[in-house]
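Right, one structure below, let's go through it.
We're numbering straight along the sequence, starting at 1. Just so it is clear, the model here is predicted, and its values are computed rather than measured.
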Amino acid sequence: MEVEPARRDAAALDPELLQLPELAPGALRENSIIADALYSQWLVLPDTAKLVKSLIEDAKAGATLNVAGTSASTNAASSSSLPSMFPAGSAPPLSPRSTSGSPRVMRRGSSAGPSSLGSPLKLVSEPVREVIPQFYFKNGRPPPKDLKEQCLSRIDHVFFGGEGLQIQEFRSVTKDICKLPSFFSSVLFNKIDVACTGTVSRDAFVEYWINDNKITMDMASQIFEILRKPGNNYLTQDDFKPILKELLATHPGLEFLQGTPEFQERYAETVIYRIFYSINRSGNGHLTLRELKRGNLIAALQQLDEEEDINKVLRYFSYEHFYVIYCKFWELDTDHDFLIDKENLIRYGNHSLTYRIVDRIFTQIPRKFTSMTEGKMGYEDFVYFILSEEDKSSEPSLEYWFKCIDLDGNGILTSNEMQFFYEEQLHRMECMAQEPVLFEDILCQMIDMIGPENESYFTLRDLKRCKLSGNIFNILFNLNKFMAFETRDPFLIRQERENPTLTEWDRFAHREYIRLSMEEDGEDASNGSGDVWDESLEAPF
């Protein structure tokens, strides 16, 4: 046969001189004679004989075959013979071999159950099951052990004797243990004393504050849970009345109002209206926890509890701000029926507003009136109006006036809509012998000021991105502020830059309070010098 001559020829070759040219893929498969000859040559190598002999001896002795070592030895033998068969640099790289054993051995042992030689799959570590801690708790996160023990220690100290606390003694619990503003004392007491016994026991407080996980909530969530009615997931205006009542009774900056319950009620209403104007962005009268957290009410409550001067708490609670709002309403409400109509409102700000914008307000497009009288605006409606009119930089104000100018309600302000309101401004300038500014020029100025995404119209998003967007509305319907903007006083500009934390409303309220107080002082002096007291000159306070 042809195999024997080929085998003799292969045996006669010197392994050191054996070199194979590069073969195309599949060349050995097509020439099986050469492959057999090379295999026979490998069998006669000294290292191969040693390997086979050691495996036979191990098998006779009954020793467990160290396949990993065998494989390594085989690889070593192969690697030692390869350099002699291939010249340096021409040997192809070996694919990485698993050290778990020969595939043939694994296939033989697979039918007899798990092999002691080990499976290649076992080299891949099984995924570690990670326990994810609970992150949602329906009733709040339970307190840590150390925090719970510290709180219980303070509670035991306050409730020493075990007889419970009455509402007068509960103030320290609210302030020191719950870390809440002190004027939440009554509402928290009544929340725990469901049976109206007049006392709160230690166990009842622990059940509500610790076992119900109130202790681990943030302050906004705590206040929300304390104020909201059972079954509601929102706060209403009535929910804030108990804390305003206690605030008026306990805050040193409001002691002078204790003899005038009517104005106490008006102050509380004004504060609540301002809170909902700024925070209840949906405008539905239902203040959600998310809105409460996004607003600045919690910071104002904390400042209010520490500050004795109520007028330094500019957010919501300043008495001076209430005084300005109420007096402005009182000036317009000539018949004092606590309602104002279009003719009353047109006199606001020394007739600064146009008839068209006043008509638009009374169509109730920007906000539905709460008064039950047709064609009349109530006090709450006026609070929303004056806050929007005097601070057009705030988002609630921008939304208020945007709805007024957006005649077709399509969410954009076109040049035709803006020109409709500016026409009356132009007519008023001509009547006042002012140099009229054409709408085309004003429109270019407004586009440069706002920088809208599309110059053919303004969106609410465009206005909210620009700090000067409030001037757009002054240009369209408030002549006095429009002229003031055109002739800005450098001193006022420098003053605004020195107090950047003050809003336009803060500056307006401060100026108006000084003016109103001076007028009241003048009226008091005039009334004191006369023989007859004229009730028509009496101020609302």
message: I'd like to know if the side chain of Arg171 pairs up with that of Ser185 as donor and acceptor (distance under 3.5 Å, no hydrogens or angles considered).
response: no
- prompt: Quick one: side chain to side chain donor-acceptor pair (under 3.5 Å) pairs with a partner in residues 244-254, sequence neighbours left out?
  reply: Ser186-Glu246
- request: Decide yes or no for Ser371 and Asp381: does some side-chain heavy atom of the first lie under 4.5 Å from some side-chain heavy atom of the second?
  value: yes
message: I'd like to know if Arg202 pairs up with Asp156 as an ion pair, taking the criterion as any Lys NZ or Arg NE/NH1/NH2 lying under 4.0 Å from an Asp or Glu carboxylate oxygen.
response: yes
query: Which of these, Tyr316, Tyr267, Phe329, sits in a ring pair (Phe, Tyr, Trp, His ring centres under 6.0 Å) with Phe322?
result: Tyr267
query: Are Trp505 and Arg274 side-chain neighbours, meaning at least one heavy-atom pair lies under 4.5 Å?
result: yes
- request: Taking atom types as modelled, find out whether Asn416 and Thr414 have a side-chain donor-acceptor pair closer than 3.5 angstrom.
  value: no
- prompt: For the atom pair OG (Ser182) and CG (Asp305), what is the distance rounded to the nearest 0.5 Å?
  reply: 3.5 Å
message: When you compare the side chains of Tyr277 and Ser388, does any donor N or O come within less than 3.5 Å of an acceptor on the partner?
response: yes
message: As a test of understanding, state which of Tyr384, Phe338, Phe385 forms a ring pair (Phe, Tyr, Trp, His ring centres under 6.0 Å) with Tyr379.
response: Phe338
task: Taking the side chain as every heavy atom from C-beta outward, state whether Asp212 and Glu225 have any atom pair closer than 4.5 Å.
output: no
- prompt: How about Tyr319 and Asp309: do any of their side-chain heavy atoms sit closer than 4.5 Å?
  reply: no
message: Between the side chains of Glu291 and Arg294, is the shortest nitrogen-to-carboxylate-oxygen separation below 4.0 Å, so that they form an ion pair?
response: no
- prompt: Would you call Glu269 and Lys241 a salt bridge, using N to O less than 4.0 angstrom?
  reply: no
message: When you compare the side chain of Leu287 with that of Tyr234, does any pair of heavy atoms fall below 4.5 Å?
response: no
query: Could Asp359 and Lys342 be called an ion pair, given the rule that one side-chain N must be under 4.0 Å from one carboxylate O?
result: yes
query: Are Val313 and Ser318 close enough that some pair of their side-chain heavy atoms sits under 4.5 Å apart?
result: no
query: In Å and rounded to the nearest 0.5 Å, what is the NE2 to CG distance from His157 to Leu152?
result: 14.5 Å
- prompt: In Å and rounded to the nearest 0.5 Å, what is the CE to CZ distance from Met518 to Arg515?
  reply: 10.5 Å
Aromatic ring pairing Phe205/Trp209, orientation class (parallel under 30°, perpendicular over 60°, tilted between): parallel
field: Side chains of Gln364 and Met377 in contact at under 4.5 Å (non-hydrogen atoms)
entry: no
- prompt: From Asp406 CG over to Asp408 CG, what is the distance, rounded to the nearest 0.5 angstrom?
  reply: 5.0 Å
task: Classify the side-chain pair Asp238/Thr236 by whether it contains a donor and acceptor separated by less than 3.5 Å.
output: no
message: We want to know whether Glu430 and Gln425 form a side-chain donor-acceptor pair, criterion being a heavy-atom distance below 3.5 angstrom.
response: no
query: Do Asn454 and Ser456 meet the criterion of a side-chain donor-acceptor pair at a distance under 3.5 Å?
result: yes
statement: Separation between OG1 (Thr199) and CZ (Phe170), nearest 0.5 Å, reads 11.0 Å
query: Any ion pair linking Arg347 and Glu331 (charged N to carboxylate O, less than 4.0 Å)?
result: no
task: State whether a side-chain donor-acceptor pair under 3.5 Å links Ser221 with Asp218.
output: yes
- prompt: Are Gln302 and Met219 close enough that some pair of their side-chain heavy atoms sits under 4.5 Å apart?
  reply: yes
message: Test your reading of the model: is there a side-chain donor-acceptor pair from Thr459 to the backbone of Asp462, 3.5 Å cut-off?
response: yes
Which atom pairs, one a donor and one an acceptor, fall under 3.5 Å between side chains of residues 468-481 and the rest of the protein, sequence neighbours left out?
{"unit_1": "Ser469", "atom_1": "OG", "unit_2": "Leu463", "atom_2": "O", "d": "2.8"}
{"unit_1": "Ser469", "atom_1": "OG", "unit_2": "Cys466", "atom_2": "O", "d": "3.1"}
{"unit_1": "Asn471", "atom_1": "ND2", "unit_2": "Leu468", "atom_2": "O", "d": "3.3"}
{"unit_1": "Asn474", "atom_1": "OD1", "unit_2": "Lys392", "atom_2": "NZ", "d": "2.8"}
{"unit_1": "Asn478", "atom_1": "OD1", "unit_2": "Asn480", "atom_2": "N", "d": "3.4"}
{"unit_1": "Asn478", "atom_1": "OD1", "unit_2": "Lys481", "atom_2": "N", "d": "3.1"}
{"unit_1": "Asn478", "atom_1": "ND2", "unit_2": "Glu389", "atom_2": "OE2", "d": "2.5"}
{"unit_1": "Asn480", "atom_1": "ND2", "unit_2": "Gly349", "atom_2": "O", "d": "3.2"}
{"unit_1": "Lys481", "atom_1": "NZ", "unit_2": "Glu389", "atom_2": "O", "d": "2.9"}
{"unit_1": "Lys481", "atom_1": "NZ", "unit_2": "Glu389", "atom_2": "OE2", "d": "3.2"}
{"unit_1": "Lys481", "atom_1": "NZ", "unit_2": "Glu390", "atom_2": "OE1", "d": "3.0"}

Spatial distance of atom CZ (Phe458) from atom OG (Ser415) [nearest 0.5 Å]: 9.5 Å
- request: Before accepting this row, confirm whether a basic side-chain N of the pair Glu417/Lys403 lies closer than 4.0 Å to the acidic partner's carboxylate O.
  value: no
- request: Would you please say whether a donor-acceptor pair under 3.5 Å links the side chains of Thr503 and Asp506?
  value: yes
- prompt: Is Arg428 salt-bridged to Glu424, cutoff N-O under 4.0 Å?
  reply: no
